[in-house]
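As structure tokens, the structure follows; a few thoughts come after it.
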Amino acid sequence: MSTKNTPLRRKDRLRTQEEARAIMESCDFAVLSTTDNENMPYGVPVSVVLEENRLYFHCAKAGRKLENIQQNPHVCLTFAKVRLVDGENFTTRYESVIAEGTAAIIEEETEKRHALQLLCRRYTQHSDEEIDAYIQHYFAQTGVVRIDLESICAKANI
């Protein structure tokens with residue numbers, strides 16, 4: 001039985017969709033969770049960029065996460081920011097997002113290039129010309145995955 005529709009237990013910590021997107025955009029990375037066709041889980045950190053209702057990340061063109069996505073495209077990403085370990089009150093002040101969706105390995109060159117440009121703009125301070133030259137140099141050996149988001153849930157204790 002799927003647990004997908006289990007309600008959030010701490011509704012007082014629930015955040016809006018706008019807050020969820022802001023948390024996602026402020027995190028340096030997320031942990032991508034996948035499973036293979038035997039339900040073996042695998043989690044790996046990835047650098048992501050959010051555009052509308054899609055997330056993109058880059059990777060090598062082979063490896064366990066891609067094999068898992070090919071076997072089971074349903075994925076989950078966890079974004080988390082620790083604000084303060086509040087030992088005096090036996091708690092941690094945090095913000096987090098769980099994003100679920102369907103992953104697809106991008107082969108189409110225009111979308112792949114666009115995603116790589118978005119990622120480079122997010123994580124570097126280089127000019128568009130420098131970014132395009134870098135992308136061109138590594139384009140053939142770089143993989144890109146798009147995640148079409150189906151649900152985003154944020155909570156915080158701040």
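Residues: numbered from 1 along the sequence shown.
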Item checked: Sequence-distant partners of Gln70, side-chain contact (heavy atoms from CB on, under 4.5 Å), two or more places apart -> Ile105
Notebook entry, point to check: Any ion pair linking Arg113 and Asp132 (charged N to carboxylate O, less than 4.0 Å)?
Noted result: no
Next item on the list: Verify, without hydrogens or angle tests, whether Ser26 (side chain) and Ile23 (backbone) share a donor-acceptor contact under 3.5 angstrom.
Entry: yes
Checklist line | Distance in Å, Thr78 OG1 paired with Met24 CE, rounded so as to fall on 0.5 Å steps | finding: 10.5 Å
Note to self: Applying side chain to side chain donor-acceptor pair (under 3.5 Å), can you list everything that pairs with Lys61, at least two apart in sequence or on another chain?
What the structure shows: none
Item checked: Listed once per pair and sorted, the ring pair (Phe, Tyr, Trp, His ring centres under 6.0 Å) pairs that draw on residues 108-130, sequence neighbours left out -> none
Notebook entry, point to check: Of all residues at least two apart in sequence or in a different chain, which pass the side chain to side chain donor-acceptor pair (under 3.5 Å) check with Arg122?
Noted result: none
Next item on the list: Show the numbers, then the answer: is there a side-chain contact (heavy atoms from CB on, under 4.5 Å) between Val75 and Ser33?
Entry: CA-CA 6 Å; Val75 299; Ser33 298; over 6 Å; no
Item checked: Single-linkage hydrophobic cluster, 4.5 Å side-chain cutoff, Leu66 and Ile106 together -> no
Checklist line | Listed partners of Tyr134 passing ring-ring contact (aromatic ring centres under 6.0 Å, His included), at least two apart | finding: Tyr138
Check: Would you say the side-chain atoms of Glu130 pair up with the backbone N or O of Ser127, donor to acceptor, closer than 3.5 Å?
Finding: yes
Item checked: With Arg64 via side chain to side chain donor-acceptor pair (under 3.5 Å) - residues at least two apart -> none
Check: Looking at residues at least two apart in the chain, or sitting in another chain, which of them share a side chain to side chain donor-acceptor pair (under 3.5 Å) with Thr35?
Finding: Asn72
Notebook entry, point to check: Quick one: ring pair (Phe, Tyr, Trp, His ring centres under 6.0 Å) pairs with a partner in residues 4-31, sequence neighbours left out?
Noted result: none
Next item on the list: Return the minimal non-hydrogen interatomic distance between Ala20 and Val97, and the atom names on each side.
Entry: O-CG2, 3.6 Å
Notebook entry, point to check: Do the side chains of Leu77 and Leu118 join up, straight or via other hydrophobic residues, at under 4.5 Å, putting them in one cluster?
Noted result: no
Check: Say you draw a straight line from CG of Leu119 to CZ of Phe57; how long is it, rounded to the nearest 0.5 Å?
Finding: 10.0 Å
Tell me which donor-acceptor pairs under 3.5 Å the side chains of residues 36-47 have, and how far apart each pair is, sequence neighbours excluded?
{"residue": "Asp36", "atom": "OD1", "partner": "Glu38", "partner atom": "N", "Å": "2.8"}
{"residue": "Asp36", "atom": "OD1", "partner": "Asn39", "partner atom": "N", "Å": "3.1"}
{"residue": "Asp36", "atom": "OD1", "partner": "Met40", "partner atom": "N", "Å": "2.9"}

Note to self: Per the salt bridge (Lys or Arg N to Asp or Glu O under 4.0 Å) rule, what does the pair list look like for residues 48-57, sequence neighbours excluded?
What the structure shows: Glu51-Arg54, Glu52-Arg54
Next item on the list: Check whether any side-chain N or O of Gln71 sits under 3.5 Å from a backbone N or O of Asn68 as a donor-acceptor pair, and report yes or no.
Entry: no
Could you list the donor-acceptor pairs under 3.5 angstrom formed between side-chain atoms of residues 143-158 and any protein atom two or more places apart in sequence or on another chain?
{"residue": "Arg146", "atom": "NE", "partner": "Asp148", "partner atom": "OD1", "Å": "3.0"}
{"residue": "Arg146", "atom": "NE", "partner": "Asp148", "partner atom": "OD2", "Å": "3.3"}
{"residue": "Arg146", "atom": "NH1", "partner": "Glu111", "partner atom": "OE1", "Å": "3.1"}
{"residue": "Arg146", "atom": "NH1", "partner": "Glu111", "partner atom": "OE2", "Å": "2.8"}
{"residue": "Arg146", "atom": "NH2", "partner": "Asp148", "partner atom": "OD2", "Å": "3.4"}
{"residue": "Glu150", "atom": "OE2", "partner": "Thr102", "partner atom": "OG1", "Å": "2.4"}
{"residue": "Ser151", "atom": "OG", "partner": "Glu100", "partner atom": "OE1", "Å": "2.9"}
{"residue": "Asn157", "atom": "OD1", "partner": "Arg93", "partner atom": "NH1", "Å": "2.8"}
{"residue": "Asn157", "atom": "ND2", "partner": "Thr91", "partner atom": "OG1", "Å": "3.2"}
{"residue": "Asn157", "atom": "ND2", "partner": "Thr92", "partner atom": "O", "Å": "3.2"}

Checklist line | Close side-chain approach of Lys65 and Cys59, heavy atoms under 4.5 Å | finding: yes
Checklist line | Intermediate values then yes/no, side-chain contact (heavy atoms from CB on, under 4.5 Å), Phe79 and Val48 | finding: CA-CA 10 Å; Phe79 299 79; Val48 299; 3.6 Å; yes
Margin query: Does Glu109 have more than 12 heavy atoms from other residues, nucleotides or ligands lying within 6.0 Å of its CD?
Written below: no
Check: For the atom pair CG (Leu50) and CG (Leu55), what is the distance rounded to the nearest 0.5 Å?
Finding: 5.5 Å
Next item on the list: State which residues pass side-chain contact (heavy atoms from CB on, under 4.5 Å) with Thr110; sequence neighbours excluded, sorted by chain then number.
Entry: Glu108
